[in-house]
Each structure stands twice: as C-alpha cells, then as structure tokens.
Protein chains: 2
Amino acid sequence: MISTKGRYGLRVMIDLAQNDNGSYIPLKDIADRQEISKKYLEIIVKQMVEGGLIKGLSGKGGGYKLVKKPEKYTVGEILTLLEGTICSVACLADKNYDCPRRKKCETLPMWKEFDGIVHDYLYSKKLSELL
Amino acid sequence: MISTKGRYGLRVMIDLAQNDNGSYIPLKDIADRQEISKKYLEIIVKQMVEGGLIKGLSGKGGGYKLVKKPEKYTVGEILTLLEGTICSVACLADKNYDCPRRKKCETLPMWKEFDGIVHDYLYSKKLSELL
DNA sequence: CCTAAAACCTATTGACACAGTAGGAAATAG
DNA sequence: CTATTTCCTACTGTGTCAATAGGTTTTAGG
C-alpha cells in the first residue's frame with residue numbers, strides 16, 4: 001500500500017509541473033492548493049531534494065522547482081524514492097536478502113511476475129501523463 | 001506490500017492442495033514443512049476457516065482441508081481475506097470513504113487504473129497454477 | 001472410559017512505521 | 001535590514017505487524 005508520503009509527493013510533483021513559470025514555487029502555495037499540512041510536506045520535499053528529483057532555493061523568492069521536464073519523470077522513480085522500495089513482498093524488497101526457501105518456494109515465481117507487472121506500469125507512466 | 005499473513009496463508013493453501021489425500025491435515029505438519037511457527041499459523045488459519053476458505057476438524061485425526069478444488073481458488077480471494085483489502089492507496093481501500101478532492105484529484109484516475117491491473121492479475125491467478 | 005492429539009480461544013508484547021507537530025536556524029532577495 | 005523561505009533536529013501519539021503464551025474444548029482410537 002502506497003503511503004501518504006508517496007501520494008503527497010507525487011501530488012507535489014504534479015503541482016510543480018502545473019504551476020511552473022520558470023521561477024521557484026514556495027511550499028506554502030503548494031500546501032494551500034493541495035490542502036496538505038505544509039509542515040508535513042517539508043519532510044517529504046526534503047527527501048525529494050536529497051534524491052535529486054527537485055531543487056530548492058532558500059530565502060525570499062525561493063521555493064522548489066523541477067530539475068527535468070515532466071515527461072522525463074516516471075511515477076515509479078518518484079514513488080521509489082519516497083517509499084523506499086516498491087515491492088509486493090519482503091522477499092524481493094531487499095536484494096541482498098537470501099531466503100533459505102528460495103529454491104523450493106512455490107510462491108516466489110508468482111511474486112516476481114507480479115512485481116514485474118507493477119514495475120512495468122509505474123515506470124512507464126510519466127509525470128506528464130498526470131497533468 | 002503483502003504481509004506475512006497473506007504470504008503464509010497462501011503457502012498454507014498450497015500445502016493443503018499438495019498434500020491432499022482426502023483426510024484432514026494437521027497444522028503441525030504444515031508448520032514443519034513450511035518452516036513457520038505453528039502458533040502463528042493458528043491465527044492465520046483461523047481467519048481462513050472463518051472466511052470459508054478451508055475447514056477444520058478438532059480432535060485426533062483432525063486438521064484442515066480445502067473446501068474447493070485448487071483451480072476454484074484465486075490468489076486474489078485468498079489475499080483479500082487475509083490482508084483485509086488489496087488496494088494500492090487508502091483512497092480506494094474504503095469504498096465508503098468520500099474524499100473531498102475526489103473530483104479534482106489528478107492522481108485518482110491513475111490509482112484506479114493501477115488497482116485494476118493489480119486486481120486483474122491476482123484474481124485471474126488460480127491456486128492450482130502454483131502447484 | 002481414558003488418553004493423546006488436534007483445533008480452538010483469549011490475551012499480551014516488543015518493535016517499528018506512519019502521520020504528523022513543534023520550534024528554531026540559516027539563507028536570500030529586495 | 002527585514003521579510004520570506006528553505007533547512008534542520010527532535011518529539012509524539014496511534015496503530016499494525018509478527019509473534020508468543022497458556023489454556024480449553026473436541027474427537028478418534030484403544
């Protein structure tokens with residue numbers, strides 16, 4: 001289940017794309033438009049800056065802006081950054097984890113196939129398609 | 001993310017299908033084969049009995065068995081029973097919930113589409129395909 | 001009838017993540 | 001110099017997850 005972090009973050013990205021006028025957009029405006037606590041958005045937006053998804057500028061006239069064109073972002077990369085990993089099951093989430101039942105597990109192939117479908121959908125969906 | 005409840009429950013179903021000899025299969029055997037705590041499985045299996053997925057018989061010679069043929073179960077129905085709901089986002093999980101932003105939400109259509117894909121996959125996958 | 005084996009039932013717990021809140025420090029344009 | 005804005009650290013209540021624990025009831029077979 002995608003948490004508010006991922007959902008809100010995605011909405012911030014859409015908001016930034018829709019209101020892009022070349023300059024930086026203050027978080028307050030986004031919070032007002034999206035009806036989300038600005039304080040909470042700060043946490044999310046910080047992660048997005050650190051992850052290189054957007055850039056921020058402090059001080060008056062500051063705010064946030066996209067670093068790429070909307071069609072260059074995929075929903076998958078946005079959600080992965082905020083959710084940590086988009087995986088249906090824990091066995092696949094941690095790539096280093098080596099399940100002792102890996103060889104005989106009857107469900108693993110299905111989870112892999114399922115994960116592939118989810119992945120394909122989210123990484124083919126562009127931010128620009130949501131505007 | 002599918003929790004252990006759903007994953008273990010699915011494995012119990014597979015185990016019951018694979019070891020079906022007409023009589024009841026004790027949980028201890030399943031727990032041993034699947035290498036899962038029997039105590040924990042009790043909780044999961046109880047839910048599956050209440051949900052009508054399997055039936056149990058107390059006493060010596062008792063255990064659990066499927067109520068339908070493996071090809072009559074879908075992975076979706078099994079997971080839905082154990083996970084409560086298989087929904088990617090909270091907005092769609094509770095059918096009675098009426099989001100105030102429903103009309104203007106730019107992300108809702110995508111979540112619906114995504115949910116549809118997930119649903120389609122899980123409800124078309126039969127238990128018998130996992131044996 | 002007795003006993004062993006099994007399901008069934010209630011309660012508890014430690015750890016962790018989620019969804020925020022709070023208060024201030026640093027940066028920057030005008 | 002000041003108002004605005006990001007940036008940073010810390011805290012907190014709530015809930016779920018993943019079990020564990022200890023018992024009671026049911027049932028088949030000797």
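Just so it is clear, the values below take in all heavy atoms, side chains as well, and ignore hydrogens, waters and symmetry mates. All figures in this text were calculated on a predicted structure; none of them were measured in a lab.
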Is it the case that one hydrophobic cluster holds both [X] and [Y], taking links as side-chain heavy atoms less than 4.5 Å apart, direct or via other members?
X	Y	result
B/Ile43	B/Leu81	yes
A/Tyr24	A/Tyr73	no
A/Leu66	A/Val75	yes

Subject >> Per-nucleotide protein contact string for nucleotides 25-30 of chain D, where B marks a base within reach and S marks sugar-phosphate only (heavy atoms under 4.0 Å, - for neither) >> reply: -BBB--
Original post:
Does a salt bridge link B/Glu35 with A/Arg101, judged by any charged N lying under 4.0 Å from a carboxylate O?
Top reply: yes
**OP:** Would you check if B/Met110 and A/Glu129 make a side-chain contact, meaning some heavy-atom pair closer than 4.5 Å?
**Re:** no
**OP:** Compare all side-chain heavy atoms of B/Cys91 with those of A/Arg7 and state whether any distance is below 4.5 angstrom.
**Re:** yes
Would you mind reading off the distance between [X] atom [atom1] and [N] atom [atom2], rounded to a whole angstrom?
X	N	atom1	atom2	result
B/Leu27	C/dA7	CG	P	5 Å
A/Lys28	D/dC7	NZ	P	18 Å
B/Lys46	D/dT24	NZ	C1'	13 Å
A/Glu83	C/dA19	CD	P	8 Å
B/Lys65	C/dA6	NZ	P	16 Å
A/Leu82	C/dC18	CG	P	11 Å
B/Ile54	C/dC8	CD1	C1'	13 Å
B/Lys55	C/dC8	NZ	P	12 Å

So, does [X] use its side chain to make a donor-acceptor pair with the main chain of [Y] at under 3.5 Å?
X	Y	value
A/Glu77	A/Thr74	yes
B/Glu83	B/Ser3	yes
A/Asn19	A/Asp15	yes

Subject >> Any residue of residues 3-20 of chain A with a heavy atom less than 4.0 Å from an atom of DNA chain D >> reply: none
Original post:
Where along residues 30-45 of chain A does a heavy atom come under 4.0 Å from DNA chain D, residue by residue in number order?
Top reply: A/Lys38, A/Glu42
Subject >> Sugar-phosphate only, base, or nothing, as touched by A/Tyr64 at under 4.0 Å among non-hydrogen atoms >> reply: sugar-phosphate
Subject >> Proximity of A/Tyr121 and B/Phe114 rings by center, below 6.0 Å >> reply: yes
**OP:** State whether the number of non-hydrogen atoms from other residues, nucleotides or ligands found under 6.0 Å of B/Lys5 atom NZ is greater than 12.
**Re:** no
